[in-house]
Amino acid sequence: MAAGDEELTLLGVVGSPFLHRVQIALKLKGIEYKYVEDDLNNKSDLLLKHNPVYKMIPVLIHNDKPISESLVIVEYIDDTWKHNPILPSDPYQRALARFWAKFIDDKCVAPAWKSAFIVDEKEKEKAVEELFEALGFLENELKGKFFGGDEIGFVDIAGVFIPIVQEIAGLQLFSSEKFPRLYKWSQDFHNHPLVNEVLPPKDQLFAYFKARAQSLAAKRKN
């Protein structure tokens with residue numbers, strides 16, 4: 001839907017949940033864009049030029065103006081294209097959505113990653129404990145089909161990381177017995193036609209996570 005005189009480019013790496021957050025937001029809005037695949041082991045000049053601070057994907061370039069950090073990009077998309085809103089219109093509900101999205105990044109992403117891929121059993125056990133505590137808060141916060149109500153919203157997009165980790169790692173983060181609301185949400189979200197269009201096959205997701213885990217392990221040794 002992007003206007004003909006607008007240029008919209010998205011830099012990313014297939015399999016990255018942070019990239020797929022942005023892709024889901026763009027798909028929700030029906031916005032056309034050019035996708036450019038990058039290589040985190042051999043970062044492109046384009047990526048280094050447009051995100052010199054973090055040197056990470058995703059980066060959205062809108063009319064030669066770069067925006068980085070996945071949740072910042074999702075908010076930018078929602079502010080720029082007003083149809084099919086992602087964030088609530090009520091200021092308090094918007095603040096709550098931002099709070100829970102940040103909670104997911106702060107309290108869920110790192111322990112989910114560690115619990116799925118870290119080798120050290122003690123570290124893995126600690127990560128699972130941290131993750132279960134965080135998921136308990138999300139379980140209590142989830143009141144409807146999605147965090148956004150009947151439709152996918154900002155917190156759901158932020159949480160794409162969780163069902164992806166469960167899917168590729170075979171790790172039972174939650175089940176119908178443990179965290180039943182989150183379990184139902186993860187099924188509904190992961191199987192949503194729009195999300196299905198965005199997420200790549202399981203082997204591509206696994207390849208991304210395996211590469212990132214190896215990269216992190218190598219950094220720890222240095």
Side-chain angles (χ1 to χ4, degrees), residues 12-22 24 40-41 53-58 68-74 95-143 146-147 153-190 195 199-200 202-222:
V13 174
V14 170
S16 164
F18 306 106
L19 166 69
H20 301 317
R21 282 173 172 176
V22 177
I24 290 169
L40 295 183
N41 294 316
V53 177
Y54 291 112
K55 303 178 178 64
M56 294 297 291
I57 57 93
S68 57
E69 296 297 293
S70 60
L71 293 180
V72 174
I73 297 171
V74 172
L96 281 182
R98 290 189 181 105
F99 173 88
W100 287 112
K102 188 174 188 304
F103 176 87
I104 288 169
D105 270 0
D106 289 349
K107 299 294 185 180
C108 296
V109 169
W113 195 294
K114 289 177 182 177
S115 60
F117 293 101
I118 205 162
V119 175
D120 186 278
E121 286 301 323
K122 285 187 177 179
E123 282 193 59
K124 185 188 287 278
E125 189 177 316
K126 183 182 177 184
V128 170
E129 280 182 25
E130 290 175 7
L131 183 57
F132 279 177
E133 182 180 9
L135 292 176
F137 283 108
L138 289 176
E139 173 81 5
N140 292 331
E141 180 60 21
L142 183 58
K143 304 296 192 298
F146 299 110
F147 286 97
F154 190 62
V155 181
D156 303 289
I157 291 173
V160 69
F161 197 102
I162 299 168
I164 284 177
V165 170
Q166 173 133 321
E167 169 73 10
I168 64 167
L171 183 71
Q172 287 301 312
L173 303 182
F174 35 74
S175 64
S176 54
E177 291 79 31
K178 190 180 183 91
F179 308 125
R181 293 178 193 168
L182 276 177
Y183 179 79
K184 179 70 165 54
W185 165 81
S186 72
Q187 300 294 308
D188 290 336
F189 182 71
H190 202 268
V195 176
L199 294 184
K202 184 175 178 178
D203 59 338
Q204 285 184 301
L205 290 169
F206 184 80
Y208 170 83
F209 274 85
K210 186 178 179 182
R212 295 301 297 146
Q214 288 172 342
S215 175
L216 291 172
K219 285 179 182 177
R220 280 200 298 269
K221 288 179 181 177
N222 293 334

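In this chain, numbering begins with 1 at the start of the sequence shown.
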*Asks:* If we only count heavy atoms from C-beta on, is the M56 to F18 side-chain gap below 4.5 Å?
*Replies:*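 Result no, sub-4.5 Å side-chain heavy-atom pair not found.
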*Asks:* Carefully, step by step, assess F161 and H20 under the rule side-chain contact (heavy atoms from CB on, under 4.5 Å).
*Replies:* CA-CA 9 Å; F161 197 102; H20 301 317; over 6 Å; no
*Asks:* What class does the angle between the rings of F137 and F103 fall in, given that below 30° is parallel, 30 to 60° is tilted and above 60° is perpendicular?
*Replies:* perpendicular
*Asks:* Within the 4.5 Å heavy-atom criterion, are Y208 and P17 side-chain neighbours or not?
*Replies:*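 Of all side-chain heavy-atom pairs linking P17 with Y208, at least one is under 4.5 Å.
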*Asks:* Taking all atoms of both residues into account, what is the closest heavy-atom pair of G12 and L19, and its distance?
*Replies:*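 Residues G12 and L19, closest heavy atoms: CA-CD1, 3.9 Å.
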*Asks:* Compare every heavy atom of E69 with every heavy atom of Y54, then report the nearest pair and how far apart it is.
*Replies:*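 Nearest pair, atom of Y54 first, then E69: CD1-OE2, 3.7 Å.
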*Asks:* Any non-hydrogen side-chain atom of W100 less than 4.5 Å from a side-chain atom of L142?
*Replies:*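 With C-beta onward as the side chain, the pair stays apart.
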*Asks:* Do F99 and V155 touch side chain to side chain, with heavy atoms closer than 4.5 Å?
*Replies:*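 Result no, sub-4.5 Å side-chain heavy-atom pair not found.
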*Asks:* Is it the case that K184 places NZ or CZ above or below the six-membered ring of F179, under 6.0 angstrom from the centre and within 45 degrees of the axis?
*Replies:*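 No, K184 does not sit over the ring of F179.
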*Asks:* So, the side chain of Q204 versus the backbone of G15: is there a donor-acceptor pair under 3.5 Å, distance only?
*Replies:* no
*Asks:* Within a strict 4.5 Å, meaning less than it, do heavy atoms of the I162 and V109 side chains meet?
*Replies:*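 Result no, sub-4.5 Å side-chain heavy-atom pair not found.
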*Asks:* Got more than 12 heavy atoms from elsewhere within 6.0 Å of CD, E125?
*Replies:*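 No, because the 6.0 Å sphere around CD of E125 holds 12 heavy atoms or fewer from other groups.
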*Asks:* Between V74 and I24, is there a side-chain heavy-atom distance shorter than 4.5 Å?
*Replies:* no
*Asks:* So which heavy atom on A158 is nearest to which on L71, and how close?
*Replies:*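 So the minimum-distance heavy-atom pair works out to CB-CD2, 3.8 Å.
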*Asks:* Between E130 and E133, does the side-chain contact (heavy atoms from CB on, under 4.5 Å) criterion hold? Intermediate values first, please.
*Replies:* CA-CA 5 Å; E130 290 175 7; E133 182 180 9; 5.7 Å; no
*Asks:* So, H190 side chain and I164 main chain: donor-acceptor pair closer than 3.5 Å or not?
*Replies:* no
*Asks:* For D156, is there an ion pair with R21 - N to carboxylate O distance below 4.0 angstrom?
*Replies:*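 No, R21 and D156 are not salt-bridged.
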*Asks:* I want to check something: taking the side chain as every heavy atom from C-beta on, are P180 and E139 in contact at a cut-off of under 4.5 Å?
*Replies:*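 With C-beta onward as the side chain, the pair touches.
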*Asks:* So how far is it from I57 CD1 to S70 OG, rounded to the nearest 0.5 Å?
*Replies:* 9.0 Å
*Asks:* Say you draw a straight line from CG of L205 to OG of S16; how long is it, rounded to the nearest 0.5 Å?
*Replies:* 10.0 Å
*Asks:* For K107, I'd like to know if atom NZ has over 12 heavy atoms of other residues, nucleotides or ligands within 6.0 Å.
*Replies:* no
*Asks:* Quick one, C108 and L131 - any side-chain contact, counting heavy atoms below 4.5 Å?
*Replies:* yes
*Asks:* Check whether S186 reaches the backbone of Y183 with its side chain - one donor and one acceptor, N or O, closer than 3.5 Å.
*Replies:*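 Yes.
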*Asks:* Taking E123 for the side chain and K114 for the main chain, is one N or O donor matched with an acceptor at less than 3.5 Å?
*Replies:*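 Checking the backbone N and O of K114 against the side chain of E123, no donor-acceptor pair under 3.5 Å is found.
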*Asks:* How about K122: does its NZ atom have over 12 heavy atoms from other parts shown lying under 6.0 Å from it?
*Replies:*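 No - once you tally the heavy atoms of other residues, nucleotides and ligands closer than 6.0 Å, there are 12 at most.
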*Asks:* Ring centroids only, cut at 6.0 angstrom: are W185 and F147 within range, meaning strictly under it?
*Replies:* yes
*Asks:* What are the two closest non-hydrogen atoms of V160 and P163, and how far apart are they?
*Replies:*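 Result for this residue pair: O-CD, 3.4 Å.
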